[in-house]
Amino acid sequence: QLQLVESGGGLVQPGGSLRLVCALSGFTLDNYNIGWFRQAPGQEREGVSCISRSGGTAYYPESVKGRFTISRDYANNTVVLQMNSLKPEDTGVYYCAALKSQILIPRVMCTVKPRMDYWGEGTLVTVSS
């Protein structure tokens with residue numbers, strides 16, 4: 001019953017945009033810190049956007065800062081990752097993860113990558129001409 005489901009991936013040209021959605025089922029969004037991570041073949045999983053339980057703070061690594069935006073939609077129990085100005089190096093499988101924590105700084109979630117309570121199965125993003 002408890003699961004995360006990602007959607008919105010696909011093939012886009014450089015400079016294009018995608019909107020990824022992480023839907024939570026079986027648990028309440030506001031009780032969890034949420035992060036988006038991506039992984040390319042042969043690469044380590046990279047945190048690209050993490051958001052606090054309150055939604056008041058978020059973290060973006062330098063590689064995506066200014067291009068990606070994470071937000072919570074409490075009414076629909078989803079977290080959205082809006083990706084603009086996409087580059088070929090953004091290609092990878094994007095995963096949504098949830099961690100129940102009273103106190104967790106988004107930067108720590110994305111960089112230290114503590115053990116998560118839940119992972120989605122991922123959605124593939126391909127940026128290519």
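Below, all heavy atoms of this structure are taken into account, side chains as well, without hydrogens, waters or symmetry copies.
- Minimum interatomic distance between A97 and M116 (heavy atoms only, all atoms of both residues): CB-CG, 3.7 Å.
- Evaluation of the side chain to side chain donor-acceptor pair (under 3.5 Å) rule for S54 yields S52 as partners, not counting sequence neighbours.
- The side-chain tip of R45 points at the ring of W119 from less than 6.0 angstrom away and within 45° of straight on.
- Atom CD1 of I105 is surrounded by 12 or fewer heavy atoms from other residues, nucleotides or ligands within 6.0 Å.
- Residue V48 is grouped with residue V125 when hydrophobic side chains (ILVMFWY) are merged at heavy-atom distances under 4.5 angstrom, including chains of intermediate members.
- For D73 (side chain) and V79 (main-chain N/O), no donor-acceptor pair under 3.5 Å exists by modelled atom type.
- Within the structure, every pair that satisfies the disulfide bond (SG atoms under 2.5 Å apart) test and touches residues 90-129, not counting sequence neighbours, is listed here: C22-C96, C50-C110.
- Under the 30°/60° scheme for interplanar angles, the aromatic rings of F68 and Y94 are found to be tilted.
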* May I have the step-by-step check of side-chain contact (heavy atoms from CB on, under 4.5 Å) for W36 and L20, ending in yes or no? => CA-CA 10 Å; W36 281 97; L20 305 185; 3.7 Å; yes

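- How far NZ of K65 is from OG of S49: 11.5 Å, rounded to the nearest 0.5 Å.
- A distance-only check finds no donor-acceptor pair linking the side chain of Y95 to the backbone of G35 [under 3.5 Å].
- The closest donor-acceptor contact from the side chain of E6 to the backbone of E121 lies under 3.5 Å.
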* Asked: Given the rule in the side-chain contact (heavy atoms from CB on, under 4.5 Å) test, do F27 and Y32 qualify, once you have shown the distances and angles that lead to the verdict?
  -> CA-CA 9 Å; F27 56 102; Y32 289 82; 3.2 Å; yes

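- Taken to the nearest 0.5 Å, the CG atom of L29 stands 7.5 Å off from the OG1 atom of T78.
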* Dump the intermediate steps for side-chain contact (heavy atoms from CB on, under 4.5 Å) on R72 and I34, then the final yes or no. => CA-CA 9 Å; R72 290 174 177 263; I34 305 295; 3.9 Å; yes

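- The closest side-chain heavy-atom distance from D30 to R53 is not below 4.5 Å.
- Sorted by first and then second residue, the side chain to side chain donor-acceptor pair (under 3.5 Å) pairs with a member in residues 106-117 form an empty list; sequence neighbours excluded.
- One hydrophobic cluster holds both M83 and I70 under the rule that ILVMFWY side chains link at heavy-atom gaps under 4.5 Å.
- Residues F37 and L124 are members of one and the same hydrophobic cluster, defined by side-chain heavy-atom contacts under 4.5 angstrom among Ile, Leu, Val, Met, Phe, Trp and Tyr.
- Both L81 and V12 belong to a single network of hydrophobic side chains, linked directly or stepwise wherever heavy atoms of I, L, V, M, F, W or Y lie under 4.5 Å apart.
- Of the possible donor and acceptor atoms, none in the side chain of N77 sits under 3.5 Å from a partner among the backbone N and O of Y74.
- Just one of V127, T126, V64, T91 meets the side chain to side chain contact (heavy atoms under 4.5 Å, CB included) condition when paired with L86; it is V127.
- Contacts of K100 classified as salt bridge (charged side-chain N to carboxylate O under 4.0 Å, His left out), with partners at least two apart in sequence or in another chain: none.
- Two residues are said to be in side-chain contact when any heavy atoms from C-beta on lie closer than 4.5 Å; P88 and S128 fail this criterion.
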* **Verdict with reasoning, L99 to L104, per side-chain contact (heavy atoms from CB on, under 4.5 Å)** => CA-CA 9 Å; L99 176 61; L104 182 62; 3.6 Å; yes

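- Remark: S17 engages N84 in a side chain to side chain donor-acceptor pair (under 3.5 Å) (not counting sequence neighbours).
- Not counting sequence neighbours, the partners of E46 by the salt bridge (charged side-chain N to carboxylate O under 4.0 Å, His left out) test are R38.
- Linking Ile, Leu, Val, Met, Phe, Trp and Tyr whenever their side-chain heavy atoms come within less than 4.5 Å leaves V80 and I51 in two separate clusters.
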